[in-house]
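Just so you know, residue 1 is the first one in the sequence shown, and it goes up from there. In what follows, every heavy atom counts, from backbone to side chain, and hydrogens, waters and symmetry copies are set aside. Whatever order the structure lists them in is the order used to number ligands and atoms, beginning at 1.
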Amino acid sequence: MIILSGGTGTPKLLVGLKRVFKDEELQIIVNTAEDLWISGNLLCPDIDSVLYTLAGVINKHTWWGLQDDSFHTHTALEQLRYPEQLMIGDKDRATHIIRSELLRRGKSLTEATLMLARNFGIPDRIKILPMTDDPATVRTIIHTPDGKLHFQEFWVARKGQPDVLDVSFDNLEKVNPSEAVLEVLEKESEAMVLIGPSNPITSIGPILSVKGIQEHLRWKMVIAISPIIGTGAVSGPAGKLMRAKGFEVSPYGVYTCYKDILDTLVIDSNDQFPADTGVEVLKTDILLKKERDSKRLALFLKKYVMGATRARTRSRRNTT
Ligand code: GDP
């Protein structure tokens, strides 16, 4: 299964997917549009959340950074009047230092991610693939009445408070998918694609906009989990950003974000959805508070994937 991932929601689901699917079934393409260099090191928020989740060391209160981390370097920098834009934990910073050193030695972001994954004890069979090997080239820009802000400046420094007029991505049209992403998309022609419950605008949107990726997905069976329950995002600015891009903030709005490629949408049991869209809608509990919620949703998906695969095999047999 090919999984498209941002932060928070999809990593929460990965906890269960890892227990229910085989390692080699997890091929995760990760957003890099929020990456940025800070204090000489490359921070990849979504890759780090995926790494830390699969290694079982993510901070499960925030869904970013490591559990039991300290912030001595961050505080020392502040005391020396060099405040950093983001709160970076000491152990978390070690990840960024290794990644940046590997890049400086000529490794690609994909190779650096693989080495970090190994060092965190994640089996090679699970593939964690940055959407592109052009590190920190794409920039997510939030347009506000006060001017343009980098996504992290908007979300972290300004706490997501400014009104949002638009969202744009610098250089997105210039980057290519990594070779490893292309290989997975080409080789796994029968694979099901799971769009995790991450931000449709700033996490999944950039992956779908990288040259060629969406074209590959058109030929595959695509299932998405809604990150919107009722009329709002479970966390983060997805609602505000969807509204700014002209989408309704609802499961239906999520469908409209993905409608060019979507076959099936999973929405919360209590949510409504119009009958005439042509997309298959599955209802179940999609609020992931505990590990058991994630495992239950993963089992639900496994059952669905197995059923869909059987149906496809049958229909192919009948047409040959
Ligand atoms: P950001 O936090 O908006 O930058 O985006 P991320 O890609 O990190 O993902 C956040 C998304 O995860 C939000 O849109 C949330 O609604 C979604 N999310 C977080 N927790 C859950 C959950 O328990 N269930 C579902 N369905 N979505 C979730």
Side-chain angles (χ1 to χ4, degrees), residues 3-17 28-36 43-53 58-65 86 131 138-142 149-160 164 167 169 194-208 223-245 247-251 253-255 257-258 265-271 281-298 300-301:
I3 301 163
L4 308 190
S5 180
T8 324
T10 309
K12 280 185 188 174
L13 178 59
L14 282 171
V15 172
L17 294 176
I28 311 157
I29 302 178
V30 190
N31 172 44
T32 63
E34 288 166 22
D35 298 4
L36 76 172
L43 195 80
C44 301
D46 292 346
I47 293 179
D48 288 345
S49 290
V50 170
L51 280 172
Y52 298 161
T53 300
I58 186 109
N59 177 337
K60 285 195 178 163
H61 298 292
T62 53
W63 289 91
W64 58 265
L86 301 182
M131 66 183 196
V138 181
R139 286 163 49 87
T140 300
I141 305 295
I142 309 295
L149 304 173
H150 185 278
F151 177 80
Q152 303 294 359
E153 202 180 340
F154 162 75
W155 182 238
V156 182
R158 306 282 296 268
K159 301 189 168 38
V164 178
V167 182
F169 301 93
L194 174 70
I195 301 182
S198 287
N199 189 324
I201 306 299
T202 50
S203 297
I204 305 298
I207 302 178
L208 295 178
I223 176 167
I225 316 290
S226 176
I228 304 292
I229 299 182
T231 54
V234 180
S235 62
K240 205 170 195 179
L241 304 187
M242 282 174 74
R243 211 170 291 121
K245 292 303 279 180
F247 296 105
E248 185 179 297
V249 185
S250 67
V254 175
Y255 151 77
C257 290
Y258 300 143
L265 180 66
V266 184
I267 68 172
D268 197 63
S269 307
N270 298 317
D271 279 338
V281 174
L282 307 175
K283 285 190 176 191
T284 188
D285 294 340
I286 58 167
L287 184 61
L288 309 173
K289 282 191 178 157
K290 295 254 160 61
E291 192 164 332
R292 64 168 180 269
D293 303 322
S294 180
K295 190 170 171 209
R296 199 198 47 73
L297 181 54
F300 176 91
L301 291 168

Go through ligand 1 atom by atom and flag the ones less than 4.0 Å from a non-hydrogen atom of [X].
{"X": "Thr8", "value": "2 (O), 8 (O), 9 (O), 10 (C), 19 (C)"}
{"X": "Leu288", "value": "22 (C), 23 (O), 24 (N)"}
{"X": "Ala238", "value": "14 (O)"}

Here the gap from Arg139 atom CZ to Leu36 atom CG, rounded to the nearest 0.5 Å, amounts to 8.0 Å
Phe169 CZ to Ile141 CD1 distance, which is reported to the nearest 0.5 Å
9.5 Å
Measuring from non-hydrogen atoms of Phe151 to any atom of ligand 1, is the shortest distance under 4.0 Å?
yes
Just distances here: any N/O of [X] and N/O of ligand 1 closer than 3.5 Å?
{"X": "Ile225", "answer": "no"}
{"X": "Ile286", "answer": "yes"}
{"X": "Gly6", "answer": "no"}
{"X": "Pro200", "answer": "no"}
{"X": "Asn199", "answer": "yes"}

Best match, [options]: closest heavy atom to [atom]:
{"atom": "atom 1 (P) of ligand 1", "options": "Ser294, Pro237, Ser226", "answer": "Pro237"}
{"atom": "atom 16 (O) of ligand 1", "options": "Pro197, Pro227, Pro45, Ser203", "answer": "Pro227"}
{"atom": "atom 13 (C) of ligand 1", "options": "Gly236, Ser235, Ala233", "answer": "Ser235"}

Without placing hydrogens or testing angles, list every side-chain donor-acceptor pair under 3.5 Å for residues 197-206, not counting sequence neighbours.
from   : atom 1 : to     : atom 2 : distance (Å)
Ser198 : OG     : Gly6   : N      : 3.1
Ser198 : OG     : Gly7   : O      : 3.0
Ser198 : OG     : Thr10  : OG1    : 2.6
Asn199 : OD1    : Ile201 : N      : 2.9
Asn199 : OD1    : Thr202 : N      : 3.3
Asn199 : ND2    : Thr202 : OG1    : 3.0

Any idea which part of Lys289 is under 4.0 Å from ligand 1, heavy-atom wise: side chain, backbone, both or neither?
neither
Nearest protein heavy atom with distance in Å, relative to [atom]:
{"atom": "atom 9 (O) of ligand 1", "result": "Gly7 O, 3.1 Å"}
{"atom": "atom 18 (N) of ligand 1", "result": "Gly9 CA, 3.6 Å"}
{"atom": "atom 20 (N) of ligand 1", "result": "Lys12 NZ, 2.8 Å"}

Contact summary for Gly232 and Val249, nearest pair of heavy atoms
CA-CG1, 4.1 Å
Do you know which two heavy atoms are closest between Phe154 and Pro237, and how far apart they sit?
CE2-CB, 4.1 Å
Do side-chain atoms of [X] reach the backbone of [Y] as a donor and acceptor pair under 3.5 angstrom?
{"X": "Lys240", "Y": "Gly160", "result": "yes"}
{"X": "Ser49", "Y": "Trp63", "result": "yes"}
{"X": "Lys283", "Y": "Asp271", "result": "yes"}
{"X": "Asp293", "Y": "Lys290", "result": "yes"}

With sequence neighbours left out, the residues meeting side-chain contact (heavy atoms from CB on, under 4.5 Å) with Ala298 are Leu17, Val20
